[in-house]
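Written below as structure tokens is the structure these notes are about.
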Amino acid sequence: MTDLQELQQRMAKAVMQPLTAREQMRRRNSAGQSNATEAAQFIRPNDQLTSFERLEIYNRQYWFRLFSNFEEDFPGVQVVVGRKRFQALMRAYLEAHPSTSFSLRNLGSQLVSWLDKNPAWTEPHSEMAIEMAGLEWAHIEAFDNAIWPTLSVDARSQINAESQLTLQPHVRLLEAHYAIDDALIAVRNESGSRDTSSNNASTGHVSKRRRALREMKRETVHIAVHRFEDTVYYRRLAAEDYRLLLALQQAVTLGDAIDIAFDGSLVPEHERPAYLQSAFAYWTTMGWFCTPPVDREGKGDS
Amino acid sequence: MPANRFNGFTEYGVGIGLRVPHYQHILAKKPVVDWFEIISENYMVDGGRPLTVLDSILEQYRVVQHGVSMYFGSSDPLNREHLKRLKALVRRTRTPWLSDHLCWGSVDDRYTHDLLPMPYTFEAARLTAEKIRQVQDFVEVPVVVENVSSYAEFHVSEMAEWEFLNEVVERADCGILLDVNNIYVSSQNHSFDPRVYVDAVPAHRVAQIHIAGHSKFEKYILDTHDHPVLDRVWGLYERAIERCGPTATLLEWDDRIPSFNEVHAEALKANKYLKAATTGESKQGNVLEYAR
Amino acid sequence: MKKSMKSIMLSAAVGGMLGLPAVALHAATPNSAPNTVSANGQYLGQTAFTGLSAKDKHSCKGKNSCKGKGGCKSSDNGCKGKNSCKGKGGCATDGSKMPG
Ligand SMILES: [Fe+2]
């Protein structure tokens with residue numbers, strides 16, 4: 001290990017350690033050592049600031065930056081669990097999942113699976129919180145995921161029961177047990193019409209919104225989060241559409257996906273062809289079926 | 001120097017950072033602006049609105065890429081995926097040069113998203129220069145490095161910051177993005193004379209200059225980019241232009257961003273100094289403002 | 001499911017993708033019409049085709065995801081909880097703002 005690497009590991013460890021409740025650098029690190037002693041080992045003090053205080057500037061900056069990005073990405077989860085608990089949840093998540101990407105865009109990529117494994121942070125609203133986190137992450141993906149070339153007429157005319165269709169990477173499919181799409185739009189509309197920096201003034205709105213959210217009746221909804229002309233939309237899907245698209249996304253063949261779609265469906269059998277024709281026409285118009293890059297290089301075809 | 005091999009022999013004038021709140025104004029009003037600087041990472045995405053807006057801007061304006069996460073000084077090796085995305089963007093923007101910071105910010109694949117200060121050692125200079133060369137070879141445009149604002153210094157440092165900068169750029173044979181606001185901020189935080197720094201920079205390597213605002217706190221100064229440029233920073237800018245000639249200049253405004261016109265007007269104040277350098281005038285009054 | 005029904009459904013799906021008229025023999029309604037779903041996802045039949053439909057809700061009027069998230073440029077320690085690296089623009093979902 002080089003001296004440079006050793007110093008950077010040491011400083012990163014200090015900078016990334018959690019803050020105190022008052023958002024200052026902790027007196028002792030996780031190993032129980034004095035942070036003042038540790039900082040003095042590698043940081044020079046000056047006539048204004050001790051080594052500890054200089055390190056603390058970076059420690060605070062690190063967390064404030066992550067907090068503000070995370071808060072911006074998950075306003076819906078914040079409303080579901082409440083502001084105070086969200087703060088605790090956010091800290092715990094970011095400690096468990098520090099950024100491993102050059103872009104802050106990916107900061108929340110592990111939130112859904114982490115919430116799934118750590119329901120204590122969201123109880124008794126875990127289901128709604130996890131689904132909301134899923135929607136908010138899907139939104140981020142739908143916003144700037146790739147759009148691949150749509151399937152050519154030629155490729156479409158060769159489709160048969162064994163074909164595997166590829167959905168655009170920006171199309172994200174969700175099943176939820178509350179109308180989280182409407183709820184998130186309401187949250188965004190409220191926060192969009194306020195100055196988000198004046199948190200205190202908006203507390204009343206937020207708690208009202210939280211009450212409304214928690215009183216939502218349980219109902220199964222299926223949502224496609226997708227991008228159209230650079231804008232993200234939430235589209236309600238029929239259960240049949242959801243099952244079909246999800247199966248296609250999971251590389252199930254078209255023939256099997258159709259079987260899965262109508263398994264237990266209430267759509268009368270004689271209406272199913274028309275149903276399918278309409279659904280596929282719409283998805284094709286929206287450009288949802290595409291050719292992934294590997295196909296363009298000639299390594300396969302749908 | 002105004003046009004040199006580090007900025008692709010361009011004469012870009014005075015630009016501002018392209019920021020989201022100004023998109024609508026720029027695309028609708030098409031104001032005359034010499035050039036825009038973009039944060040590369042904001043457009044290193046697979047699709048969507050960021051790239052659509054960028055393409056519209058590129059139809060009408062000259063754009064230069066400025067990165068915030070290459071971390072030349074990190075002991076980690078360069079990230080291949082990051083480089084590939086960066087190069088794709090370079091091809092899209094046709095940026096004549098590419099800048100990022102003389103700093104580190106990640107270790108063992110954990111990212112702090114901060115511009116952390118380097119220990120000013122020969123070992124660090126060697127490694128940093130090597131990585132700059134690797135990036136330059138890969139992206140195939142001139143790479144220039146920017147001095148950062150810092151709030152801490154290390155015991156192990158073997159030289160002053162400007163000596164470290166010189167050591168790195170000589171070894172890498174790369175250009176410099178001289179941020180005179182960062183020099184000022186660091187000079188206050190580490191008690192050195194900012195003029196000594198400006199005077200020590202190899203003028204022929206300066207491809208671009210940054211100006212920005214900062215915030216003063218009781219015991220230190222922070223590089224907040226949320227104010228107009230302070231007089232003392234203009235003073236340093238004037239000195240830098242005297243030494244380097246009329247160099248491509250960019251105003252950074254990243255927080256509490258006012259209207260486009262306000263930001264642009266602040267940036268255009270640089271023209272006074274650039275014109276003076278062109279005509280050979282000097283404004284002694286301002287130059288004296290370096291002193292603390 | 002009967003083989004013939006399955007192949008009719010498949011033809012209907014492919015026909016939809018190709019924009020063919022009335023492939024499905026049993027189609028009760030015009031085939032260019034999109035399926036309509038109730039709020040709770042019940043299939044309600046078909047309506048006239050209008051491109052993006054009322055089912056496609058503008059997802060965002062606030063700030064999420066409309067900004068550059070690449071990284072931070074300046075310090076943000078000056079004011080507790082404040083951060084300088086985020087874009088401040090809104091989404092364009094209401095058609096009145098340019099986005100990021
Ligand atoms: Fe800068």
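Numbered from 1 within each chain, the chains take letters A, B, ... in sequence-line order.
Checked by atom type, the side-chain pair A/His139/A/Tyr234 shows a donor-acceptor distance below 3.5 Å.
Classification of B/Lys131 and B/Asp100 as a salt-bridged pair fails, no side-chain N sitting under 4.0 Å from a carboxylate O. Remark: A/Glu38 engages A/Arg10 in a salt bridge, criterion side-chain N to carboxylate O under 4.0 Å. Using a 4.0 Å cut-off between charged side-chain N and carboxylate O, B/Glu140 and B/Lys87 make a salt bridge. In summary, B/Glu167 and B/Arg126 do not engage in a salt bridge, as defined by a charged side-chain N under 4.0 Å from a carboxylate O.
Heavy atoms closer than 4.5 Å to chain B are found in the side chain of A/Glu53, but not in its backbone. Contact annotation for B/Leu127: only side-chain heavy atoms (C-beta onward) come within less than 4.5 Å of a heavy atom of chain A. Proximity to chain A (any heavy atom under 4.5 Å) is shown, for B/Thr121, by neither the backbone nor the side chain. For chain A, the nearby part of B/Asp109 is the backbone; its heavy atoms alone come within less than 4.5 Å. Neither the backbone nor the side chain of A/Ala142 comes within contact range of chain B; no heavy atoms are under 4.5 Å apart. For B/Glu218, the part lying under 4.5 angstrom from a heavy atom of chain A is the backbone only. The part of B/Glu123 that comes within reach of chain A is its side chain, from C-beta onward, which places non-hydrogen atoms under 4.5 angstrom from that chain. The contact between A/Leu49 and chain B is made entirely by side chain atoms (from C-beta outward), counting heavy-atom distances below 4.5 Å. Both the backbone and the side chain of B/Met44 come within contact range of chain A, judged by heavy atoms closer than 4.5 Å.
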Start with the C-alpha gap between B/Gln65 and B/Thr93, add the side-chain angles, then the distance that decides, and say whether side-chain hydrogen bond (donor to acceptor under 3.5 Å, both in side chains) holds.
CA-CA 8 Å; B/Gln65 280 180 230; B/Thr93 63; 2.7 Å; yes
So A/Phe70 and A/Tyr93, ring pair (Phe, Tyr, Trp, His ring centres under 6.0 Å) or not? Walk me through it.
CA-CA 10 Å; A/Phe70 189 86; A/Tyr93 168 75; 5.5 Å; yes
If you apply the rule side-chain hydrogen bond (donor to acceptor under 3.5 Å, both in side chains), what do you find for A/Thr231 with B/Arg49, and how did you get there?
CA-CA 8 Å; A/Thr231 296; B/Arg49 195 176 295 280; 2.6 Å; yes
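Of the listed residues (A/Leu4, A/Thr2, A/Leu55), the one with the most heavy-atom contacts under 4.5 Å to chain B is A/Leu4. For chain A, the option among B/His155, B/Met70, B/His82 with the highest count of heavy-atom pairs below 4.5 Å is B/His155. Among the candidates A/Asp47, A/Asn145, A/Asp3, A/Asp144, the residue making the largest number of heavy-atom pairs closer than 4.5 Å to chain B is A/Asp144.
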